[in-house]
Every structure is written in structure tokens, then in C-alpha cells.
There are 2 protein chains.
Amino acid sequence: MTTKQNTLFVGSLAKGLRLLRAFDESHTELSLSDLAHRSGLDKSATQRLANTLHVEGMLDKDPVTRRFRPSHAWLQMAYAYYWSDPLVGQTIPKLISLSQEIGETVNLAEMSGDHIIYVSRLPCKRTYFAATIIGRRLPALSTSAGRAMLATFPEAERIAAVDNWPIIQFTPSTTLDRNNIRGSVERAVHDGFAISTGQMILNEIGVAAPIAGHDGRALAAVQCSVSAHTWTHEQIISDLLPRIQDTANSISPSFQAQRGFYCDPAS
Amino acid sequence: MTTKQNTLFVGSLAKGLRLLRAFDESHTELSLSDLAHRSGLDKSATQRLANTLHVEGMLDKDPVTRRFRPSHAWLQMAYAYYWSDPLVGQTIPKLISLSQEIGETVNLAEMSGDHIIYVSRLPCKRTYFAATIIGRRLPALSTSAGRAMLATFPEAERIAAVDNWPIIQFTPSTTLDRNNIRGSVERAVHDGFAISTGQMILNEIGVAAPIAGHDGRALAAVQCSVSAHTWTHEQIISDLLPRIQDTANSISPSFQAQRGFYCDPAS
DNA sequence: TTCATGGTATTATAATATGATACTTGAAGC
DNA sequence: GCTTCAAGTATCATATTATAATACCATGAA
């Protein structure tokens with residue numbers, strides 16, 4: 001094993017990254033053997049790599065339980081990311097204004113392959129934990145932001161995406177029917193925004209407007225999540241949507257580099 | 001070079017991490033040779049490691065400029081971190097309430113060695129970019145949060161910290177005089193909170209209250225940044241402080257694991 | 001054109017990571 | 001209190017793997 005490609009690929013580094021990826025929402029604190037199991041590496045390899053990550057400050061180690069946890073370095077990586085993403089700098093102040101204005105949670109989402117990722121979040125109301133923290137990746141087809149962005153893609157791409165991109169059922173009302181999703185996306189093509197209901201959590205409504213790229217193709221979106229208990233569809237359209245769209249339109253991704261698409265190293 | 005310790009230390013992995021650390025606020029997009037220079041590795045090593053990081057999805061590569069940038073994976077690491085930090089989950093809802101109540105930017109800071117790191121931020125007003133994003137690490141002695149936490153440490157530790165921990169001058173009014181800082185910390189011991197003025201940016205006032213740990217020692221703090229143009233010292237004490245302290249006191253770090261302190265692998 | 005810089009590809013070499021094994025610790029069960 | 005087991009730690013001979021020198025190929029400047 002270990003050989004993925006040759007000579008330009010450093011296996012040990014890749015294995016180390018596998019250890020980092022072993023941590024997620026349901027695996028927050030891992031023992032050596034947990035790490036070994038989850039990464040698929042043997043005990044010795046795990047031992048050496050985990051120790052290296054610990055010495056280098058990427059993993060904290062509880063001196064008594066001997067379990068590993070993500071260190072503060074993981075947050076510093078987000079810090080570095082923010083500076084490198086040209087969109088974030090000009091978007092955050094506008095998101096702040098928007099959230100103050102409408103008093104609801106607003107997010108900046110970006111396309112990341114066939115998923116979206118929440119890059120910036122400004123929670124205003126109490127809500128479930130995952131909705132308040134950045135870096136969450138969700139299947140694009142199941143989110144208002146994903147559909148709003150996809151709607152700006154050329155028709156052939158849209159069709160292919162709706163047919164092939166992944167969907168996961170989060171709630172009983174998560175849409176699994178791809179024809180249904182196609183309808184939602186095509187409506188967004190016409191309307192210039194997307195609305196979704198109860199996709200990630202029940203009684204949650206998402207509204208999203210795309211941030212147009214240089215060629216019209218959106219790689220980001222301004223998104224807003226509200227409760228179906230306090231907002232009707234009509235109120236959202238009349239009170240929320242205009243401000244969300246204004247915000248999205250005021251952001252010009254000058255030169256927006258592609259993200260999430262690999263440039264094949266073999267080219 | 002390369003040998004740091006033996007047999008339990010995987011050099012290639014450590015070198016790969018050095019490439020990741022080459023990115024920061026002023027180095028957001030690096031070419032192969034930039035990476036080589038900044039990491040101190042030779043051209044070949046940089047090539048192999050950077051390629052590996054790219055293939056593994058940790059670095060995006062602009063197909064035309066051939067420059068590398070942090071990928072979305074860097075945000076996902078923050079996501080995993082949040083789940084692993086036991087404080088964040090119970091703190092965020094309370095920070096949201098607090099920020100809605102006072103209408104000012106509130107932060108959750110944690111001690112990270114001799115620095116503090118902003119773990120969670122809820123910006124309410126337009127401010128400078130670095131103050132709106134998470135993961136920023138600052139010398140503890142130069143921040144209200146750092147001083148508030150330090151004030152909960154045993155006297156001997158406080159003294160040593162004020163004498164030895166690093167200070168960097170950010171503004172003309174950043175306090176460089178350690179006696180002055182000692183005064184501020186000792187005042188915080190008595191008051192149970194810390195206030196600082198113009199340490200990171202001019203006309204900015206920081207107020208912080210410690211979140212007590214199981215043994216009284218605080219490893220986190222609730223912090224609030226306001227403008228000296230709109231708030232007087234007295235107003236802050238009477239209007240802001242009580243609510244900040246209430247919030248901090250309502251958070252019980254049940255069992256708070258140590259962070260940022262290495263448990264010596266040789267032990 | 002030539003030169004220089006930066007990125008890419010190849011290769012022989014040995015240094016490095018490997019993983020089997022043995023040792024240590026501590027908690028669970030009897 | 002003793003045994004057992006699982007999990008963490010340490011060691012070491014081996015060859016697999018990373019290395020770094022070099023050559024190659026673009027691109028842009030002089």
C-alpha cells in the first residue's frame with residue numbers, strides 16, 4: 001500500500017493528514033488506538049505520526065487520559081484561510097450590516113466541489129450548534145445557497161449536477177427527489193435567488209442570493225436562515241429578500257480564483 | 001538537519017506542516033519558490049511536499065499562476081476544533097444573547113501558552129478585519145482577556161508571567177512597561193475583570209471577565225471591544241461590565257482539559 | 001535572439017520511515 | 001490481592017521511501 005503516485009508524493013505526509021481528518025463532529029477526542037482504527041494505519045505508524053503531530057503542536061494530548069484532541073493551531077489555520085480568501089474581506093462588513101438590519105442569522109457560503117461550505121456566519125438568534133460555527137460542509141443540492149449558486153451555471157452543468165451530485169437525508173423533509181430539486185434550481189435561474197424549507201433541520205427556511213463571479217458564474221452566496229414559526233414565505237420575499245440581494249449584488253468578486261477544483265498535477 | 005528526535009518523529013510530516021505554517025496574514029498566496037524560501041526547505045522537498053498537500057486537498061493551486069493557497073479544508077479543521085472544545089458549545093448561545101443585549105462585539109478568548117486566541121467572535125459593528133475573524137493569537141499581556149485570565153493564576157505564576165511573557169508593540173499606546181502591566185493584572189485580581197485601552201488599535205477599549213475553571217484558574221474569558229469614541233470608562237463599568245460578568249459566570253467549564261501546554265513526550 | 005527565473009520531471013543513493021516485537025502501565029474481573 | 005487484558009510506549013534490524021542533484025521545459029525580459 002501507501003503508493004498512490006510516485007516520487008512526487010510523500011506518503012508519510014499524506015498519512016499524517018489522515019490522522020487529522022479522523023477528527024469530526026462525532027469524534028472529538030481520540031486515543032491512540034481510536035486513531036489507528038479510524039485512519040486505517042497500524043499501531044506503530046499511528047504512534048509515530050501522532051507523536052509528531054503532538055510535538056509540532058497540531059494535537060493536544062491529555063496527560064492523564066492520553067487522548068488526542070485538535071489544538072488551537074486548527075483555529076489558526078482558519079485565520080490564515082480568511083486572509084487568503086479575497087471574498088471574505090469585503091464581505092464581512094456587509095454581512096454585519098445586513099444582520100444588524102434584519103436581525104437574523106446571515107452566512108457567507110462558498111462552492112466547494114459538489115458541496116457548499118459556510119465560510120462566515122453571524123448568528124443572531126439561538127439555534128443549533130452546527131449552524132453557528134464555520135467550516136461546515138453540506139451537499140450543495142440540499143441547501144438554498146448551493147441551489148442559488150448552481151442556478152448561475154450553464155444549463156448543461158446544472159443538469160449534470162442535479163443528476164449526479166450527492167444528497168443526504170438530514171430531516172424527514174429533506175428533498176430526495178432530484179426532479180423536485182431540478183425544479184427548485186430552475187426556479188432560481190429565473191428568480192435569481194433560492195429558498196429551501198426544512199432541508200437541514202425542521203422548520204428552518206433558508207434564503208440565498210448568489211454573488212456573481214466575473215463571468216456570471218457564482219462561487220459564493222449570501223444566505224439567511226430563519227424559523228418557519230416566525231416568518232411566512234411572503235414576509236421573507238418582501239422583507240428579507242431585497243436586502244439579501246442588495247448585499248449579494250454589492251459584492252464584486254473582482255478576480256475570484258477557482259477553489260475546490262483540482263488542477264490535475266499530471267497536466 | 002531534519003533530526004529533531006528519533007524514531008518516533010516523522011520528519012517528512014513535520015516538514016509538510018512547515019509549508020502550511022508558511023501562510024499567514026501577509027502571505028496569502030505562495031509560489032513554489034516562495035514556499036521554499038519561507039519554509040527553509042530546498043526546492044525538491046518543497047515540490048514534493050507541496051504536491052502532496054495539493055493532491056490531498058490541503059492546498060489549492062491556481063492553474064495559471066501556479067501559486068498555492070489554503071484550501072477549504074483549513075476551515076473544516078476549525079469546524080472539527082469547535083466540536084472538540086467543550087467550552088464552545090455552551091458558550092456560543094450565551095455570547096449571542098450578550099451581543100444582542102449590549103449591541104457590541106463580544107468574543108470568547110482562550111489561553112494558549114503565553115498568548116490568547118480568539119475562539120469565537122460575534123462582530124456587531126464595522127471594525128478592522130482582524131477583529132472579525134477567529135483564530136487570531138495575541139500576546140496575553142497586551143490584551144484585556146489575557147490579563148483577566150492571568151489574574152486568576154497563583155501569585156508566583158502571575159509574577160513570572162508579567163516578567164517573561166512576550167509583548168509586541170501594536171500601537172503607539174501599547175503598554176511596554178511591565179510594571180504598568182503588573183499593576184493592571186493585580187488590579188484585575190482585586191476587581192475580577194480587566195480593562196485595556198488602545199493596546200491593539202487606537203481608541204479601542206477592551207473589557208474582559210474570566211471564566212473560572214474547576215480550580216479557580218481561568219483558561220478562557222468573555223471579552224468585549226468597544227470604541228472610546230462612544231463609551232466612557234464609567235459607562236463601561238456601569239452598563240457593560242455587569243452583563244459581561246454575568247455571562248462569564250454562567251459558564252462552568254465542568255471539566256476543562258488543559259490546552260496549549262505540552263505534555264512532554266519524553267515523560 | 002539570449003538569458004534568467006520559476007516550475008516540472010527523473011534518477012541513483014542512502015537515509016529515513018517502517019512494523020514486528022517486546023516492555024510498561026493501569027484498570028477490570030475474579 | 002492477584003491475574004488478565006487492553007492500551008500505551010520503546011526498541012531495532014531492514015529495505016522501502018524520501019531525498020537532492022540534475023536535467024528539462026516553459027515564459028518573460030533584455
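Labels below follow one simple rule: chain letters A, B, ... track the order of the sequence lines, proteins then strands, and each chain is numbered from 1.
Considering only side-chain N and O atoms, K61(B) lies under 4.0 angstrom from the phosphate OP1 or OP2 of dT8(C). The phosphate of dG8(D) (OP1 or OP2) has a side-chain N or O of S33(A) nearer than 4.0 angstrom. Side-chain nitrogen and oxygen atoms of R48(A) include at least one within less than 4.0 Å of the OP1 or OP2 phosphate oxygen of dT18(C). Residue S44(B) places no side-chain N or O under 4.0 Å from the OP1 or OP2 atom of dA18(D). Checking the phosphate oxygens (OP1, OP2) of dT17(D), no side-chain nitrogen or oxygen of S12(B) falls inside 4.0 Å.
Between the C1' atom of dA7(D) and the CG atom of L30(A) lies a distance of 14 Å, rounded to the nearest Å. Counting to the nearest Å, the P atom of dA6(D) and the NE2 atom of H37(A) are 11 Å from each other. In this structure, CG of L49(B) is placed 14 Å from P of dT8(C), rounded to the nearest angstrom. Distance, R18(A) CZ to dA17(C) P: 17 Å, rounded to whole Å. Rounded to an integer number of Å, the gap from CG of N51(A) to P of dA17(C) is 12 Å. Across the protein-nucleic acid pair, L35(A) atom CG and dA7(D) atom P stand 13 Å apart, rounded to whole Å. Between L53(B) atom CG and dA18(D) atom P the separation is 13 Å, expressed in whole Å. Rounded to an integer number of Å, the gap from L32(B) CG to dT5(C) P is 16 Å.
Applying the salt bridge (Lys or Arg N to Asp or Glu O under 4.0 Å) test to residues at least two apart or on different chains, none of the pairs has a partner in residues 43-52 of chain B.
Positionally, the nearest nucleotide of DNA chain D for V10(A) lies more toward the 5' end than for the other of V10(A) and Q47(B).
For T7(A) and dA9(C), a side-chain-to-base donor-acceptor distance below 3.5 Å is absent, hydrogens and geometry of angles not being considered. With hydrogens and angles ignored, a donor-acceptor pair closer than 3.5 Å exists between the side chain of K43(A) and the base of dG8(D). Checked by distance alone, R67(B) brings no side-chain donor or acceptor within 3.5 Å of a matching partner on the base of dG7(C).
Annotation: dT13(C) and dT14(D) have their P atoms spaced 22 Å apart (nearest Å).
Of the possible donor and acceptor atoms, one in the side chain of R147(A) sits under 3.5 Å from a partner among the backbone N and O of L141(A).
For R66(B), whose side chain is taken as the heavy atoms from C-beta onward, the closest listed nucleotide among dG7(C), dA7(D), dG19(C) is dG7(C).
Note that OG of S71(A) and CG of L59(A) are 6.5 Å apart. Values are rounded to the nearest 0.5 Å.
Residues W83(B) and F23(A) place their aromatic rings such that the two centres sit no closer than 6.0 Å.
Summarising the geometry of R67(A) relative to E29(A), their closest heavy-atom pair is NH1-O, 2.8 Å, with the distance given to 0.1 Å.
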